[in-house]
Every structure is written in structure tokens, then in C-alpha cells.
There are 2 protein chains.
Amino acid sequence: MLDRNHRANHRERSLLSKTGFMRALSPSALARLLDSAHITALPARATIFREGEPAMAFYALLSGYVRLYRVSRDGRQADIRICGPGDIFAECLIYGGDIYRFNAQAAENVSLARFDMQDVRELAEQDPTVSKAIMATLSDHLLSTMDCVVNDRLHTAPQRVADYLLTRCPSDNGPASIRLPYQKSLLAGMLGLAPEALSRAFSSLRRTGVTVRGRVIQIGDVEALKEI
Amino acid sequence: MLDRNHRANHRERSLLSKTGFMRALSPSALARLLDSAHITALPARATIFREGEPAMAFYALLSGYVRLYRVSRDGRQADIRICGPGDIFAECLIYGGDIYRFNAQAAENVSLARFDMQDVRELAEQDPTVSKAIMATLSDHLLSTMDCVVNDRLHTAPQRVADYLLTRCPSDNGPASIRLPYQKSLLAGMLGLAPEALSRAFSSLRRTGVTVRGRVIQIGDVEALKEI
DNA sequence: CGCGGAATTGATTTGCGTCAACACACGTGG
DNA sequence: CCACGTGTGTTGACGCAAATCAATTCCGCG
């Protein structure tokens, strides 16, 4: 357990300080924050926290992917957000309540940094760059969650998939190629689809020049995708 | 136009200072914020701002209801949030970008306060109670938007309606009565339903002891509603 | 090579959007 | 006072999108 839970070393401090959340912090706030971080490695499928538990900490993801989701009374699950390397999550509870409002689970082997909320609240009190970073992150998450609501209500499965592909497409015309960083069932969940529906959406996009082989997706013509 | 757009008078200052956003501000920050407010009255259906416009200000609602929504390329609309008296909106752009990301429209005659974002950014820089209020509001909005995503993905129309009724039910057992503060088409939109679907959901809830007459909704047994 | 999880495909069902017709309330003007 | 128009809500018929269930197939990996 000792090597699974330790203070941030040089490598981890460097990774963390490059994240969107920490990039704009003042040097002193950054140092104090990094000093307070606890690094943990977790295997795939491990639970990070559960809905209803007291929220003592929020997290930054160093590597791997994490699923935030809630379960209904009859056991069905709905993903709220998929976090990747550099993302922070549960930061909405720093000033938003003292209980986790959803479950967090490692989608694969992950390495993450844990920050005590109370410590960060005190840091924010003293250093406005910390407040600004929190506000920017909250705003960003709020806007993308709003996008998510709108997508769900306005777009069909093929449209959502096309949308997803376009947002992580390097070029904005001609052909392109994308490699999914995670398995398709995870992508399905983040688009609010059953895995079967994602599969069907991909096959319906074949007529628009999209080919799928494993995790690699070839787009014949980016412009054509935008028309969906 | 002069009586439509003026500085906050005593009554308006009092209303504003009771909102969740301003309640916890330091006296000096509150005073400066109220001094900077511009009060505007708008008729039903008036547009407050449009997606894509430069975001110079955010708003607090004094009376009436406001619809935040986005439109798809084929003209269909999806509501993101319905704001009521005391709510603030577009605050996610203080640190979240310089362009409005959705449309805001008065759902009825409204009175609202306008705050310049740059002024508030400067205020937040100097007074940590302002930052805290912004963070608390952003967190709150983020959490309720997450709830919205989960509801859409996990619950059927009657479940969402039951959920809505329960959240604004004074008592948590026995019979109860609720009066909708706005028209049903607005409620439909905020639940992500077509008006017809809301109507059907209500009539399917009749067998659970829910009766609707105009805007007044009688609930026979709150406990029974929770089982939906 | 063979095993197990992931992904695909097909058949079926369900929930809800859409369109259309109709009921109802309200205010206006004849 | 009533006829009328408009905006709002309800009801029915229909179709489509996607969830669900079940059966393979594919692929990665020991």
C-alpha cells in the first residue's frame, strides 16, 4: 500500500502543474497545492467514491480514465462525465455541499491526485488565483454539461457520434483518422447511448465515409460529417 | 426607455440582497455590486441575449421567469434552464468565455438586474466573498445540470413529472397541493418533454392520485408518488 | 490454442416526438 | 350579450429512435 499512496514526486508535480486547473496558479499557491496532494494508483473498476459518502476531497487525474455516474433505483446507470488525464473532478463540492452526489469509478488502471477540500478552501481564501482557477473549471464543466443536455435533447445517435468525432478531429476538412483513447462501451455511456446503439450509429455513418476498425476511426470527408 | 432601464431603487436593492447569490457577500461588496446594477423591465417573449453575441453582462432575475435555450440547425429548441425570481444566469461566462453560449428569453413580463462582468471580475479580485458566492452559484448550477442529464437518461416522462412535484412539495407524506408558477409548456420544456408528452404524463399519474385543474395540482398521497 | 470480455447484429418493445383535430378559456369588438 | 379569434392544453393516430433481449462473432491475452 505504501507505493500506492504517496506524496507527489517530480514527475507527478510536473504533470499536475500542466493541467488547465493549475496552469494559472501563482507559484506559491501551486507549490502549496502540490505539497498537499496525495497520489494514488487504482486498478480498473475500482471505486473512488460513492454517492452519499461525505465529500472530504476532490481529485485530479494523472493517467487513465474515470467514470462519474449515478444509478437509478432499479440499478441502471447513467454516466455524467468521463474524465481523462489532466481533468479534475468533484471540485463542484468545494463550495457545493458536503456529500458526493455521484459515483466515481476507474474505467481502467488510473493514477490520481487527491486534494483535501478544506485545505483548498483555505488556500482560495488567501490567494485569488486559486479562486479564479476553481471558477474557470466550474464554468467549463457547467458549459459542457449544458452542451450535454442539449445534445441529448436535440440530436440523434448518429449526430452525437458525428459531433464527438468532429470535436476531436485535428483538421476541419478532408480525410482524418482518430484513435479512441478508451473502449467503445465507455464512449457509448458518455454519449448517453447503449453500446448497441453506438455500434448501430457507427454503421449508419459508414454511408458518410466513416470506417471503424477496432479503436481506429477513419473519416473520409470531415465536411460531409458536418452535414449530419 | 428611461423608466425601463434605471439604477436599483430601495425595493430592488432589498430584493437582490436576499438572493442566494448576494446573501453572503460582505457589506461593502454588496453595496458596490448593487450600485453597479442596471434594472430593466421586459415584456413576455422579449429576447435578453442571443447565442453567439459578445457576453458583456450577466443577470439576476427580480420577477418573472426566463428561459435559457439553444436551437438546433433545423430550428428545434431545447431548454437548458428555467430561471425564476432570485436566480442569476449567464454567470458561467464571468470566467468561462466571452460569448453567450445560449439564448435567453423572457417567458413572461420580467424585471431583471444587469451586471457588467468586468466590474464583477475586478470586485472578485479584491473581495473573496464575491468569489465564494460565484463558486457556490456555479457549483449549484453544475450539480443541478448534472441532475438534469441523469433524469433525462434514467427516467421516463411520468417519473420526471413525479420527481418535479416531489421536489416542490411542502410536506413529504399524505396529500398536498401545488400551484405551478408558470404555464405548462414551460414546465414541459424544462423537463425535456414536448407539451403533449407532459399532458400524457399527468394523465398517467391520475391512477396514482394526481389531479390537475389548470395550474393547480392535487396530490392524493405523496408517499405513493415516490414509488413511481 | 482456447478462453473471456467486448463488440456486432437481429428481433422486439417501448417511449416519446410529431401531426392533426378538437376543447377550453380569455379578451375584443360588433 | 353573443360571435369570434387567439393562445393554451388535451386527446388520438402514427412513426421513429433507441432500449432491451438474445445470439453470435470478434479480438486480446494468457
Side-chain angles (χ1 to χ4, degrees), chain A residues 43-45 65 67 71-72 74-79 106-109 149-163 179-207 210-217 228, chain B residues 43-45 65 67 71-72 74-79 106-109 149-163 179-207 210-217 228:
Chain A
R45 295 170 186 282
Y65 286 85
R67 217 163 68 86
V71 306
S72 68
D74 54 339
R76 280 160 50 238
Q77 306 189 347
D79 288 6
E108 46 187 87
N109 292 352
V149 172
V150 171
N151 268 323
D152 280 15
R153 295 182 173 179
L154 243 31
H155 299 322
T156 67
Q159 288 173 325
R160 275 180 258 176
V161 174
D163 211 61
R179 185 186 163 79
L180 295 180
Y182 31 64
Q183 45 190 29
K184 283 181 200 147
S185 56
L186 203 64
L187 174 60
M190 75 185 270
L191 296 178
L193 297 172
E196 299 94 318
L198 175 64
S199 191
R200 281 182 242 273
F202 271 130
S203 69
S204 93
L205 286 177
R206 263 204 296 267
R207 76 191 79 254
V210 175
T211 36
V212 179
R213 231 181 31 256
R215 285 187 178 181
V216 178
I217 298 167
I228 296 290
Chain B
R45 297 173 184 281
Y65 286 84
R67 217 163 68 85
V71 306
S72 69
D74 54 340
R76 280 159 51 238
Q77 305 188 348
D79 287 5
E108 45 187 87
N109 291 353
V149 172
V150 170
N151 268 322
D152 279 15
R153 294 183 174 179
L154 241 31
H155 299 322
T156 67
Q159 289 173 326
R160 274 180 259 177
V161 175
D163 211 62
R179 185 185 163 80
L180 296 180
Y182 30 65
Q183 44 191 31
K184 284 183 197 143
S185 56
L186 203 63
L187 174 59
M190 76 184 267
L191 297 178
L193 296 173
E196 299 94 318
L198 175 65
S199 192
R200 281 183 242 273
F202 271 128
S203 67
S204 93
L205 287 178
R206 264 204 297 265
R207 76 192 77 253
V210 175
T211 39
V212 179
R213 232 186 26 260
R215 285 187 178 182
V216 177
I217 297 167
I228 295 290

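In what follows, chains are A, B, ... by sequence order, proteins preceding strands, each numbered from 1. Source: prediction; values computed, not measured. All values below were derived from every heavy atom in this structure, side-chain atoms included, with hydrogens, water molecules and symmetry-related copies excluded.
For the salt bridge (Lys or Arg N to Asp or Glu O under 4.0 Å) test, residues two or more places apart in sequence or in another chain that qualify with R76(B) are D74(B). Every residue two or more places apart in sequence or in another chain that forms a side-chain contact (heavy atoms from CB on, under 4.5 Å) with N109(B) is listed here: P43(B), A44(B). Taking the side-chain contact (heavy atoms from CB on, under 4.5 Å) definition, one finds that T156(A) meets it with P158(A), Q159(A), sequence neighbours left out. In terms of the side-chain contact (heavy atoms from CB on, under 4.5 Å) criterion, residue partners of R179(B) (sequence neighbours excluded) are, by chain and number, R215(B), V216(B).
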Spell out protein contact along nucleotides 5-16 of chain D as letters: B when the base is contacted, S when just the sugar-phosphate is, - when no protein heavy atom is under 4.0 Å; keep the 5' to 3' order. ---SSSBBB---
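In this structure, R153(B) atom CZ and dT20(D) atom P are separated by 13 Å, rounded to whole Å. Atom CG of D152(B) is separated from atom P of dA19(D) by 13 Å (rounded to the nearest Å). Taking atom CG on N151(A) and atom C1' on dA18(D), their separation rounds to 16 Å, with Å as the unit.
A heavy-atom distance below 4.5 Å is not found between the side chains of V210(B) and V161(B).
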Exercise answer: donor-acceptor pairs, residues 180-203 of chain A side-chain atoms, under 3.5 Å, sequence neighbours excluded:
unit_1: Y182(A); atom_1: OH; unit_2: Y164(A); atom_2: OH; d: 2.7
unit_1: K184(A); atom_1: NZ; unit_2: G214(A); atom_2: O; d: 3.1
unit_1: S203(A); atom_1: OG; unit_2: R200(A); atom_2: O; d: 3.0

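A pairwise comparison of heavy atoms in R153(B) and D152(A) identifies NE-OD2, 2.8 Å as the closest pair.
Note on R76(B): only backbone sugar-phosphate atoms sit closer than 4.0 angstrom, heavy atoms only; bases stay farther off. Counting any heavy atom pair closer than 4.0 Å across all strands shown, R160(B) reaches sugar-phosphate atoms only and no base atom.
Between atom CZ of residue R67(A) and atom CD of residue E108(A) there is a gap of 12.5 Å, rounded to the nearest 0.5 Å.
Interface limits on DNA chain C: the 5'-most and 3'-most nucleotides within less than 4.0 Å of chain B heavy atoms are dC16(C) to dC19(C).
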